[in-house]
Amino acid sequence: MNKSLLSLGHGYSAAALAKVLVPLGWTIYATTRDASKSTTLAREGVNPILWDDPQLERLVSETPNILTSIAPTDDGDPVLARFHTQFFDNAGRYRWVGYLSTTGVYGDRQGDWVDETSTLTPTTIRGQRRQAAEAAWSAIPSLPLHIFRLAGIYGPGRGPFAKVRNGTAQRIIKPGQVFSRIHVEDIAQTVYASIMTPKPTAIYNVCDDDPAPPQDVIAYAADLLGLPQPDAVDFEDALLSPMARSFYAESKRVSNDRIKHELGIVLKYPDFRSGLERMLADETD
């Protein structure tokens with residue numbers, strides 16, 4: 001097997017995957033728009049490629065495994081806008097193509113469960129863009145596409161501890177509100193399992209076993225730190241950015257049965273409690 005992968009939009013989740021692949025002898029090419037990040041990427045064992053580098057066209061056409069995680073815009077998917085011809089013409093040559101999407105494509109279910117067969121009814125602009133991007137990728141004939149719908153991502157450097165420590169955390173109360181979450185290491189192991197056992201056209205929800213109210217996460221983080229729990233704040237009175245507030249527009253529980261049954265995934269962090277405990281133990285927040 002050709003152990004090379006091109007990571008288009010090499011962000012937080014893709015970096016976690018690289019930590020799995022690099023020690024196994026994989027060659028990873030990672031795009032960035034910021035030349036100052038090249039040194040950091042190289043230190044992580046990946047080969048940085050600037051987005052405007054002409055050789056990127058060749059890598060897109062020739063690399064057998066592709067991961068794309070660049071968010072779509074109002075103008076559509078930036079990767080397809082630039083490379084649609086390469087993907088269309090070379091679809092049968094790829095071994096595996098992965099697209100990192102979001103569970104936001106399911107929209108608001110008022111706390112009910114969804115799985116990969118559920119109708120897509122996104123209510124936010126972000127979710128609607130992702131639905132359109134999924135459809136555009138899926139429309140390329142013979143492309144060995146694998147879609148990963150990620151729940152709320154947390155992990156090293158992305159957690160509630162800093163805000164709890166500095167007193168800016170809020171226990172926001174919105175009755176009936178639940179979110180599904182996923183630790184970044186479990187994203188990495190799921191994507192890796194798919195790479196090793198490709199199933200073109202597969203769609204996978206990537207989330208843990210415990211959809212939970214957001215205030216429970218903040219409360220548990222405070223307990224772990226031995227600090228008082230932040231005061232409860234009604235959602236309508238909470239100080240939130242427009243983007244943060246938009247997350248509360250949707251409430252659903254996301255099923256992860258498929259990644260367990262088809263990919264054999266055993267979650268490292270089946271709930272936010274185990275994930276936060278490990279993060280604090282490693283002092284990685």
| task | Look only at the side chain of E62 and the backbone of E57, and say whether a donor-acceptor pair between them is shorter than 3.5 Å. | result | no

| What residues form a salt bridge (charged side-chain N to carboxylate O under 4.0 Å, His left out) with K3, not counting sequence neighbours? | none

| said: I'd like to know if the side chain of Y29 reaches the main chain of T63, judged simply by a donor and an acceptor atom lying under 3.5 Å from each other, with no hydrogens or angles considered. | reply: no

| Side chain to side chain, H84 and I140, heavy atoms closer than 4.5 Å | yes

| task | Spell out, as yes or no, whether a donor-acceptor pair under 3.5 Å connects the side chain of D237 to the backbone of V233. | result | no

| message | According to side chain to side chain donor-acceptor pair (under 3.5 Å), who are the partners of R95, at least two apart in sequence or on a separate chain? | response | N65

| message | In the structure I gave you, are the side-chain heavy atoms of E250 and K252 within less than 4.5 Å of one another anywhere? | response | yes

| query | In terms of heavy-atom contacts, does CD1 of I125 have more than 12 from other residues, nucleotides or ligands at under 6.0 Å? | reply | no

| query | In terms of heavy-atom contacts, does CE of M243 have more than 12 from other residues, nucleotides or ligands at under 6.0 Å? | reply | no

| said: Has R253 got a side-chain atom pairing as donor or acceptor with P211's backbone, closer than 3.5 angstrom? | reply: no

| request: Would you confirm whether E116, through its side chain, and N205, through its main-chain N or O, come within 3.5 Å as a donor-acceptor pair? | output: yes

| Should the pair W96 and F148 be assigned to parallel (<30°), tilted (30 to 60°) or perpendicular (>60°) ring geometry? | tilted

| Residues forming a side chain to side chain donor-acceptor pair (under 3.5 Å) with D89, sequence neighbours excluded | none

| said: Just checking Q55: does its CD atom have more than 12 heavy atoms from other residues, nucleotides or ligands closer to it than 6.0 angstrom? | reply: yes

| task | Answer yes or no: is there a side-chain heavy-atom contact under 4.5 Å between Y248 and I172? | result | yes

| said: Tell me if the CZ atom of R93 is crowded by more than 12 foreign heavy atoms within 6.0 Å. | reply: no

| query | Given side chains that start at C-beta, do those of L56 and L8 come closer than 4.5 Å, heavy atoms only? | reply | yes

| said: Do I195 and L17 make a side-chain contact, defined as non-hydrogen atoms from C-beta onward lying under 4.5 Å apart? | reply: yes

| task | Give a yes or no answer on whether the side chain of S138 reaches the backbone of T201 with a donor-acceptor pair at less than 3.5 Å. | result | no

| Pairs meeting criterion side-chain hydrogen bond (donor to acceptor under 3.5 Å, both in side chains) with involvement of residues 9-27, two or more places apart | S7-H10

| query | So which residues get pulled into W113's cluster when ILVMFWY side chains under 4.5 Å apart are joined, directly or through others? | reply | none

| field | Criterion side chain to side chain donor-acceptor pair (under 3.5 Å) on S246 and R126, from CA distance to verdict | value | CA-CA 10 Å; S246 72; R126 291 190 311 279; 3.1 Å; yes

| query | With sequence neighbours left out, what residues match D271 under salt bridge (charged side-chain N to carboxylate O under 4.0 Å, His left out)? | reply | none

| query | If you count the non-hydrogen atoms of other residues, nucleotides and ligands that lie under 6.0 Å from CG in D234, is the total more than 12? | reply | yes

| said: Test your reading of the model: is there a side-chain donor-acceptor pair from D115 to the backbone of S255, 3.5 Å cut-off? | reply: no

| note | Value for CZ (R109) from OG (S118), rounded to nearest 0.5 Å, stands at 5.5 Å

| task | For the pair N256 (side chain) and C207 (backbone), establish whether a donor and an acceptor sit closer than 3.5 Å, ignoring hydrogens and angles. | result | yes

| request: Locate the shortest heavy-atom distance separating R258 from I203; write the atom from each residue and the value. | output: NH1-O, 2.9 Å

| For the side chain of R181 and the backbone of A212, is there at least one donor-acceptor N/O pair under 3.5 Å apart? | yes

| Under 3.5 Å, side chain of N90 to main-chain N/O of Q86, donor-acceptor pair present? | yes

